[in-house]
K.L.:
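Right, I'll just put the structure down here and ask away after.
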Number of protein chains: 4
Amino acid sequence: MTAPRRNERSRRAILTAALELLTETGYPDLTVEAIAARAGVGKQTIYRWWRGKGAVILEAMVDSVPPNAVLPDTGDLRADLRTVIRATVAEFADPRLSATTRAITIETLSDEALAEQVRDQLLRPQLAAVKDRLRAGQATGQARDGIDLDLTVELLFGPIYHRWLLRNGPLTEGYADELVDLAMTAITP
Amino acid sequence: MTAPRRNERSRRAILTAALELLTETGYPDLTVEAIAARAGVGKQTIYRWWRGKGAVILEAMVDSVPPNAVLPDTGDLRADLRTVIRATVAEFADPRLSATTRAITIETLSDEALAEQVRDQLLRPQLAAVKDRLRAGQATGQARDGIDLDLTVELLFGPIYHRWLLRNGPLTEGYADELVDLAMTAITP
Amino acid sequence: MTAPRRNERSRRAILTAALELLTETGYPDLTVEAIAARAGVGKQTIYRWWRGKGAVILEAMVDSVPPNAVLPDTGDLRADLRTVIRATVAEFADPRLSATTRAITIETLSDEALAEQVRDQLLRPQLAAVKDRLRAGQATGQARDGIDLDLTVELLFGPIYHRWLLRNGPLTEGYADELVDLAMTAITP
Amino acid sequence: MTAPRRNERSRRAILTAALELLTETGYPDLTVEAIAARAGVGKQTIYRWWRGKGAVILEAMVDSVPPNAVLPDTGDLRADLRTVIRATVAEFADPRLSATTRAITIETLSDEALAEQVRDQLLRPQLAAVKDRLRAGQATGQARDGIDLDLTVELLFGPIYHRWLLRNGPLTEGYADELVDLAMTAITP
DNA sequence: CACTAAGCGAGACGGTACGTCAGGTCTTCCG
DNA sequence: CGGAAGACCTGACGTACCGTCTCGCTTAGTG
């Protein structure tokens, strides 16, 4: 049982090149060939370790996300949700950051296996953190006991995805606040 | 100024072939070449009238959607929302129907022009109908006056998109009802 | 039954490019990719009409050989054979001309179908011409009646191939004359 | 000045694997990678000791040829030549044996250095043996004194190569005999 | 008889070319 | 003259091998 003798330098070069090219050319025009060329790497080295450009981008995202997965708890549920929703809205509004999200989204729409990885490695931890905060809010009486936490987080994040996906309106801080307020109305005892 | 002498028979054959192939092979493996072959049509005929496979699929969808754009109004807002949300959830849950939605979504994520068309021709009319029903609800006192209708429809449809997009849970009738109930809590006076 | 709508300009460009590259780089380093690039042609266009680089070179050779297939008949058999054998030796001695022969030889050694084409389109006509001249020689009493003409032409050309193939000695005019004399000894009545 | 600590077991395995694969797949599809895999050997071990697959095959041939290099001398020149020419024809007619010859021939056509090795280690000794026998024939008056021995051996072997190389007729025992007879006609006093 | 350098298997690596596929354009010919 | 048919150039695909380069492990020959 020997560890795979993988070249870390190449791995880093590939992930970096992929993210650079992604912002330069967009996902559909991103090619494995170009990533390999930019990274100074043989194509085979990419195909040896990843199933395609989608998997490369996913790993680049996972690599760049710190495993913090914990929400602030100031005692004020509404304020804390505002913090996280504002951050999320800002992320989707930023062309640079949302480029990678767009790329991954495209790929997951037709790659079931990749979709699972995204869900388990990126999405679930994030949502779990929010659910934890909501549970704490229930303990302090700031949220109703009966609510379905899964549904609640969807109530918070779903509208953002909807607006982003369908380009159906601006993604501003004011929008984030309004969204939190409306959601709070639904879950406050 | 002559009207374009367009062959309706070819047009129908192309749209039909496109939808068939879409469910058979999935969007990324759908090719203009295959559509042309299946439809018994030259490739040029497709490129003459559409910008690419995305535009073909969009026209096929628009073609198949009746321009009803009106929600039932039984007087019971919750019940009427339940009807439309249940229908939407069912549509996303149906592999056959959601295949075309998935295809269009993929394409819009990287084609700004197409995204606009989708938004204006498919999405907005649907949401407008819901907003109309909500406005009627405000008139009868079943919904608060102060609510942002754009945000409210996102509260209703966003979670569905979120769950569908990220494959983060089942899309059932029960889910639809629960969603409507939670949203109603947020907007009831 | 429509004639294949083949682009003659491309065909010529490919054959020319192939011959150029052959003399520049040698057959093993000759690639379809390079031929396509030099000819300003898509690779597919080559693969559409030929089975590989070997077939291209063959067509180039066939194209450049005039269909003369007739030997001079001065009445002096020995002199006429000298003419053709000298020419053959000179051809094999010329690095430029023998490069294409070398290429075809390599390919035929492992491609049965190509070998047949070479035999039928290039070799047999040439040998047939010599056999015709030998037959005429028999009529004038300069060659024995009993000889096997197939074997006789091999006696004339075989040594040249042998020496060329195995690089086992110089290919000079003197060699050609000596060879003809020895062969004449074998077939003179 | 230490002797190279070369692993004889690996060497044997490589040569054996190479010959096996050669008959299975043909020379152009023979790869160093496959030889290494079949032999249970690292690629490096092959490249350490040989310049490529051509050199491996050559060594395998040299290894399998006994260094006998002497012709029988029964006193009857024609009969002795018949023996050796029949054997040569049989060798070229045998698909198994001629496969290695074909392989080496391909390689020598583009590798000058290898061609020299083949000529010096395989061809010349064989031809020298025939020349020796011819010289003995001159002594006993069965061959003319004036003939060029180099040319004479080419007269014997050249036609076989020609017929084999160009697949221009069958290689039978009868052919061998006919060839010897015609050549004898040329060199008998 | 232990040490130590080599040869060794394995296989990752940067490359090049393969032969295929589809893109989008252009040309020919038919109805 | 629109449309079918399909050749064309282009460029990326994913694969196969090339020849080089570490890795540890095994194995002599020496000191």
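Only heavy atoms go into these numbers, but all of them, side chains included; no hydrogens, no water, no symmetry mates.
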K.L.:
Taking atom CG of D/Leu22 and atom NZ of D/Lys53, what is their separation to the nearest 0.5 Å?
P.N.:
9.0 Å

K.L.:
Does any non-hydrogen side-chain atom of C/Val62 lie less than 4.5 Å from one of C/Gln117?
P.N.:
no

K.L.:
Would you say B/Ser10 places a side-chain N or O within less than 4.0 Å of OP1 or OP2 belonging to F/dA4?
P.N.:
yes

K.L.:
Among F/dG14, E/dG9, F/dT20, find the nucleotide with the atom closest to the side chain of D/Tyr47.
P.N.:
F/dT20

K.L.:
C/Arg48 has an atom CZ; how far is it from atom P of E/dC21, in whole Å?
P.N.:
13 Å

K.L.:
Counting only side-chain N and O atoms of D/Trp49, is one of them less than 4.0 Å from OP1 or OP2 of E/dA6?
P.N.:
no

K.L.:
Nucleotides 22-25 of chain F: which of its N/O atoms have a protein N/O under 3.5 Å away?
P.N.:
none

K.L.:
When you match B/Thr45 and A/Arg51 each to their closest nucleotide on DNA chain F, which lands nearer the 5' end?
P.N.:
B/Thr45

K.L.:
To the nearest 0.5 Å, what is the distance between CG on D/Leu58 and CD on D/Gln121?
P.N.:
5.5 Å

K.L.:
Starting at the 5' end of DNA chain F, which residue's closest nucleotide do you reach first, B/Glu8 or D/Gly52?
P.N.:
B/Glu8

K.L.:
Atom CZ of B/Arg9 to atom C1' of F/dA4: distance rounded to whole Å?
P.N.:
14 Å

K.L.:
Tell me whether D/Arg6 forms a cation-pi arrangement with D/Trp49, defined as NZ or CZ under 6.0 Å from the six-membered ring centre and within 45 degrees of its axis.
P.N.:
yes

K.L.:
Nearest-Å distance, CD (B/Glu107) to C1' (E/dG23)?
P.N.:
13 Å

K.L.:
With a 4.0 Å heavy-atom cut-off, tell me which residues in residues 13-34 of chain B come close to DNA chain F, sorted by residue number.
P.N.:
none

K.L.:
Is B/Leu109 close to A/Leu165 at the side-chain level, that is, under 4.5 Å between some pair of heavy atoms?
P.N.:
yes

K.L.:
Quick one: the side chain of B/Lys43 and the base of F/dG6, do they pair up donor-acceptor inside 3.5 Å?
P.N.:
no

K.L.:
Nearest nucleotide by nearest heavy atom, which residue falls closer to the 5' end of DNA chain E, B/Lys53 or A/Val41?
P.N.:
A/Val41

K.L.:
With the side chain counted from C-beta on, respond yes when C/Leu15 and C/Trp50 share a heavy-atom pair under 4.5 Å apart, and no when they do not.
P.N.:
yes

K.L.:
Measuring from B/Glu116:CD to A/Arg167:CZ, what's the distance to the nearest 0.5 Å?
P.N.:
8.5 Å

K.L.:
Would you give the length of the straight line joining atom OG1 of C/Thr23 to atom CD of C/Glu20, rounded to the nearest 0.5 angstrom?
P.N.:
7.0 Å

K.L.:
Could you state the CD1-C1' distance from C/Ile35 to E/dA17, rounded to the nearest angstrom?
P.N.:
12 Å

K.L.:
Let me know the distance between CG of C/Asn7 and C1' of E/dT28, rounded to the nearest Å.
P.N.:
13 Å

K.L.:
Over how many whole Å does the gap from D/Ile46 atom CD1 to E/dC8 atom P extend?
P.N.:
11 Å

K.L.:
Quick one: B/Arg11 CZ to F/dG2 P, roughly how many Å, whole number?
P.N.:
18 Å

K.L.:
For the OG1 atom of C/Thr101 and the CD1 atom of C/Ile57, what is their distance to the nearest 0.5 Å?
P.N.:
11.0 Å

